[in-house]
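So the structure is just underneath, and the comments pick up after that.
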Amino acid sequence: MKLLISLLATICLSFSGLTHAKEISLTTTDWAPFYGSKLDDGGFISVIVTESLKAAGYDSNLEFTSWGNALELVKAGDKDILVGAYFSEEREKLYHFSLPIYSVLTGIIKKDGLPLDFYNSFEMLDEYKIGKIDQSVVGKSFDAYPFKSLTGYEGVDDGLKALNSGNIDLYVDSFAVVKQVAADIGMDPASLKMVQPPIEENDLYILVSKNIPDAEKLRDAFNAGFIQIQVNGTYDKILARFNQS
C-alpha cells in the first residue's frame, strides 16, 4: 500500500511539473474598462483569463501592446494567447477560439451635434468618414461592407482624437470603452453619443496561437478552467470586484 501511495504521489508530482513547466504568455491591447495596462490587475477580463488558466494549472504573464502587434505575436507563436477578441471566420483560420467569456455591445459613436441619431442601412453610414481600431472585427455584415472612407487607428485614443478634431465623423467601438478612454484623454464623455441601433452584441474570446505546441490542449484546458471558475463562484466575484454585471 505504501508503495502504491508513493507511486501515485510521484505520478501527481510529475503531472503537476508538466502542467506548470511552461508559463503561458498573454498579450492584448489597452481597451479599458475591459482590459488595460493602467487598470487594477490588467482589468476584469484579464483577471478572468488568468484565473481560468490558474484553475487549469497554468501560471501566466500578460503584456500590453498595440492591437495589430498583439494579433501578429500570437499568430506567429511568439505569444501563446491573445486576451479578448471577437470572432471572425478569417481569424478562425489562424487561431483556436475559447468558449465565450463575456459579451460587449458595439456601436457607432458620434460627437454631440452631428445630425445623425438613427440609421437603417450601411449606405446611410457610408456618407460619413468612419474610424475604428486597425485590424479589429466589428461584425460580419459591417466588416463585409465596402465603406468608401474607413480608417484604422492603432488605439482607441487615436480614433477618438481623430473624431474630436473632425478628421472622422464617426467611430466604431464599444461605448463603454469609448467613454472610459475619452475621460482618460481629456474629452468630455457626455459629448459622445451612440447612433441607434447598436451594430452588434459580440462575444469576447481568448485566441490561442496555432503555432505553439499543444495549442488545442491549452485551449481545452483554458475552457475547463473557465467553467470551473464559473461553477465555484470566482467568475461572479471578479465581476463584483470590478463593478461589472
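Residue numbers run from 1 in the order of the sequence given.
For D173, the side chain to side chain contact (heavy atoms under 4.5 Å, CB included) criterion is met by W31, I133, V156, Y171, V177, V178, not counting sequence neighbours. N232 is linked by a side chain to side chain contact (heavy atoms under 4.5 Å, CB included) to Q228, I229, T234, counting only residues two or more places apart in sequence or in another chain. With sequence neighbours left out, the side chain to side chain contact (heavy atoms under 4.5 Å, CB included) criterion links N167 to A162, S165. With sequence neighbours excluded, the residues that form a ring pair (Phe, Tyr, Trp, His ring centres under 6.0 Å) with F44 are F34, Y102.
Shortest non-hydrogen contact noted between S60 and T50 is OG-CG2, 3.5 Å. Counting all heavy atoms, side chain and backbone alike, M194 lies closest to P198 at SD-CG, 3.9 Å. The two residues A221 and A56 come nearest to each other via the heavy atoms O-CB, 3.2 Å. Across all their heavy atoms, A182 and L192 have their closest contact at CB-CD1, 3.7 Å.
Looking only at distances, no side-chain donor or acceptor of S37 sits under 3.5 Å from a matching main-chain atom of F64. With hydrogens and angles ignored, the 3.5 Å screen pairs a side-chain donor or acceptor of T29 with a backbone N or O of T65. The closest donor-acceptor contact from the side chain of S25 to the backbone of D80 lies under 3.5 Å. Looking only at distances, a side-chain donor or acceptor of D158 sits under 3.5 Å from a matching main-chain atom of G155. Side-chain atoms of N223 come within 3.5 Å of backbone N or O of L99 as a donor-acceptor pair. Between the side chain of R91 and the backbone N or O of F97 there is no donor-acceptor pair closer than 3.5 Å. Side-chain N or O atoms of D41 include none that pairs as donor or acceptor with a backbone N or O of G43 at under 3.5 Å. Of the possible polar contacts, none joining the K179 side chain to the A183 backbone as a donor-acceptor pair under 3.5 Å is found. Put simply, the side chain of Y95 never gets that close to the backbone of I81: no donor and acceptor are under 3.5 Å apart. Judged purely by atom type and a 3.5 angstrom limit, S149 has no side-chain atom pairing as donor or acceptor with the backbone of K129.
Within a 6.0 Å radius of CD in E72, more than 12 heavy atoms belonging to other residues, nucleotides or ligands are found. Annotation: D188, atom CG; neighbour count of heavy atoms from other residues, nucleotides and ligands within 6.0 Å is above 12.
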For this session: Carefully, step by step, assess N61 and E23 under the rule side chain to side chain donor-acceptor pair (under 3.5 Å).
Result: CA-CA 7 Å; N61 65 80; E23 186 175 57; 2.9 Å; yes
Exercise. Step by step, would you call K38 with D184 a salt bridge (Lys or Arg N to Asp or Glu O under 4.0 Å)?
Worked result: CA-CA 10 Å; K38 296 179 182 178; D184 291 343; over 6 Å; no
Exercise. Step by step, would you call K210 with E216 a salt bridge (Lys or Arg N to Asp or Glu O under 4.0 Å)?
Worked result: CA-CA 8 Å; K210 287 189 175 182; E216 289 183 89; over 6 Å; no
Problem set entry | CA sep, side-chain torsions, deciding dist, call: D157, L160, side chain to side chain contact (heavy atoms under 4.5 Å, CB included) | CA-CA 5 Å; D157 55 343; L160 288 183; 5.8 Å; no
For this session: Check the pair L53, F222 against side chain to side chain contact (heavy atoms under 4.5 Å, CB included), reporting the backbone distance first and the verdict last.
Result: CA-CA 5 Å; L53 287 168; F222 173 85; 4.0 Å; yes
For this session: Would you check, one step at a time, whether the test side chain to side chain donor-acceptor pair (under 3.5 Å) holds for N202 with T106?
Result: CA-CA 7 Å; N202 287 301; T106 303; 3.2 Å; yes
For this session: List the steps and the verdict of side chain to side chain contact (heavy atoms under 4.5 Å, CB included) for V181 and D30.
Result: CA-CA 9 Å; V181 175; D30 284 299; over 6 Å; no
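With side-chain heavy atoms closer than 4.5 Å counting as contact, directly or through intermediates, the hydrophobic cluster containing V172 also holds I108, L114, L116, Y119, F122, M124, L125, Y128, I130, V138, F142, Y145, F147, L150, L170, V195, I199. Clustering of Ile, Leu, Val, Met, Phe, Trp and Tyr by side-chain heavy atoms under 4.5 Å joins L73 with none of the others.
In the hydrophobic cluster analysis, where Ile, Leu, Val, Met, Phe, Trp and Tyr join through side-chain heavy atoms closer than 4.5 angstrom, I109 is grouped together with I185.
Separating the CG atom in L218 from the CD1 atom in I212 is a distance of 5.0 Å, to the nearest 0.5 Å. The line from CD of E154 to CH2 of W67 is 13.5 Å long, rounded to the nearest 0.5 Å. From S52, atom OG reaches atom CD1 of I206 across 8.0 Å, with rounding to the nearest 0.5 Å. Once rounded to the nearest 0.5 Å, the distance linking CG of L71 with OG of S209 reads 11.5 Å. Taken from CG in L207 to NZ in K75, the straight-line distance is 13.0 Å, to the nearest 0.5 Å. The CD atom of Q230 sits 10.0 Å away from atom CD1 of I101, with the distance rounded to the nearest 0.5 Å.
Side-chain contact between K161 and M187: absent, with no pair of heavy atoms (C-beta onward) separated by less than 4.5 Å. F242 has its side chain within reach of V47: a pair of non-hydrogen atoms, C-beta onward, lies under 4.5 Å apart. With contacts defined as side-chain heavy-atom distances shorter than 4.5 Å, the pair I48/L239 qualifies. Between D40 and R241, some side-chain heavy-atom pair lies under the 4.5 Å cut-off. Counting heavy atoms from C-beta outward, I168 and Y153 have side chains that approach closer than 4.5 Å.
Side-chain contact check for E63 and T27: no donor-acceptor pair (N or O, by modelled atom type) lies under 3.5 Å. In the model, N164 has a side-chain atom that pairs as donor or acceptor with a side-chain atom of K111 under 3.5 Å.
Classification of K193 and D117 as a salt-bridged pair fails, no side-chain N sitting under 4.0 Å from a carboxylate O.
Just one of L39, T28, V83, V104 meets the side-chain contact (heavy atoms from CB on, under 4.5 Å) condition when paired with I45; it is V83. Checking E89, E200, E90 one by one against K140, the salt bridge (Lys or Arg N to Asp or Glu O under 4.0 Å) holds for a single residue, E89.
F226 has its ring centre less than 6.0 Å from the ring centre of Y235.
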